[in-house]
Amino acid sequence: MRTIGLIGGMSWESSAEYYRLLNEEVRRRLGGHHCAPSLMLTVDFAEIEAMQRAGDWDTAGAFLAGAAKTLEAAGAEVVLLCTNTMHRVADVISAAIDADFLHIVDATADRIAAAGHRTVGLLATRYTMESAFYRERMRSRGVEVLVPEEPDRALVHDVIYEELTRNRVEPASRVAYQGVMARLAERGADAIILGCTEITLLVDQADCALPMYDSTRIHVEAAVDRALGLQTSRDRP
């Protein structure tokens, strides 16, 4: 099995979930005492968050590309960026390394398209919901994306940054997210993407009448496929 490198810290709560899921998935497949050969480099989310607020995506891309290079130099053969939002700079990261970079949107879109969904609701940070990178990559695989209308977009974003990335899980926010998902269903969504790696800490399938796709779990499962040689590498983004 190839070594998986994890660019984490955005936030550490979701990075811990990546690590748990990755090792559970390897043990589920291989049994016994198996776990995933892996490396994690944790960045300081405060620095990344400041770049996001400033719209300084170029600096953020260069910073994360440096993290990917460090992982590759340490032996990582498959690299995961443990956040949806920062896949906005995935091209820069992927181009900086020879290791196999696995894009979270591609993995999620492939799973959704294979299940036959064509219109999905997206819950994510405002940076993801209002940017083109997620919609365009989904559309390239035949999947159209609906995002919440205001003020639901603000609600979804604020819960992520004010609560989930600070290790707070509030029952009132779970109820609020249930309402957002119901309104996306009314507008024609036939499935929901949890398009932020923290959202899985708040809601799960029991909270939604539509099929729900957890991008974190899908990303991990695709990474294990890749590390085990069960999936051919796609062209880099």
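Since the structure is predicted, the reported quantities are computational estimates derived from the model, not experimental observations.
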| query | Can you list the steps and then say if Asp106 with Arg137 is a salt bridge (Lys or Arg N to Asp or Glu O under 4.0 Å)? | reply | CA-CA 7 Å; Asp106 292 346; Arg137 293 189 86 97; 2.8 Å; yes
Between the CG atom in Leu210 and the CG atom in Asp190, the distance rounded to the nearest 0.5 Å is 7.5 Å
Would you compute the distance between atom CD1 of Ile4 and atom CZ of Arg226 and round it to the nearest 0.5 angstrom?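 Between atom CD1 of Ile4 and atom CZ of Arg226 there are 10.5 Å.
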Is [Y] close to [X] at the side-chain level, that is, under 4.5 Å between some pair of heavy atoms?
X	Y	value
Ser15	Thr42	no
Ile192	Val120	no
His117	Val143	no
Thr200	Arg217	no
Val79	Glu72	no
Leu202	Asp207	no

Taking [X] for the side chain and [Y] for the main chain, is one N or O donor matched with an acceptor at less than 3.5 Å?
X	Y	answer
Glu163	Arg168	no
Thr3	Glu77	no
Asp110	Ala107	no

*Below 6.0 angstrom between ring centroids: does that apply to Trp57 and Phe133?*
no
Q) Among side-chain atoms of Ser11 and Glu198, is any donor-acceptor pair under 3.5 angstrom? A)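 Note: Ser11 and Glu198 side chains meet the donor-acceptor criterion.
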So, Ser215 and Asn84: side-chain donor and acceptor under 3.5 Å apart, yes or no?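 Checked: Ser215/Asn84 side chains pair up, N/O donor to acceptor below 3.5 Å.
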ask   = So, Glu24 and Arg27, do they make that salt bridge, N to O below 4.0 Å?
value =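 Answer for the salt bridge query: no.
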Does Tyr19 OH have over 12 foreign heavy atoms under 6.0 Å away?
->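 No.
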### Message
If you apply the rule salt bridge (Lys or Arg N to Asp or Glu O under 4.0 Å), what do you find for Glu25 with Arg29, and how did you get there?
### Response
CA-CA 6 Å; Glu25 182 65 14; Arg29 298 192 194 193; 2.7 Å; yes
Look at the rings of Phe101 and His87 and say which category their plane angle falls in: under 30° parallel, 30 to 60° tilted, over 60° perpendicular.
tilted
Original post:
Could you walk me through whether Arg20 and Glu17 pass the salt bridge (Lys or Arg N to Asp or Glu O under 4.0 Å) check?
Top reply: CA-CA 5 Å; Arg20 180 183 70 82; Glu17 187 72 356; 2.5 Å; yes
Practice problem: Answer with yes or no whether the hydrophobic clustering places Phe45 together with Leu71; edges join I, L, V, M, F, W, Y residues whose side-chain heavy atoms lie under 4.5 Å apart. | Solution: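 Yes; tracing contacts between hydrophobic side chains, which count when under 4.5 Å, links both residues.
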- Determine the minimum heavy-atom distance between Val169 and Arg174, stating which atoms define it.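 Between these two residues, the closest heavy atoms are CG1-NH2, 3.6 Å.
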Which is it for Glu150 and Arg126 under the salt bridge (Lys or Arg N to Asp or Glu O under 4.0 Å) test, yes or no, and what are the steps along the way?
CA-CA 11 Å; Glu150 290 289 6; Arg126 185 180 290 279; 2.6 Å; yes
Test side-chain contact (heavy atoms from CB on, under 4.5 Å), reference Tyr134, set Thr85, Val147, Leu122, output is Leu122
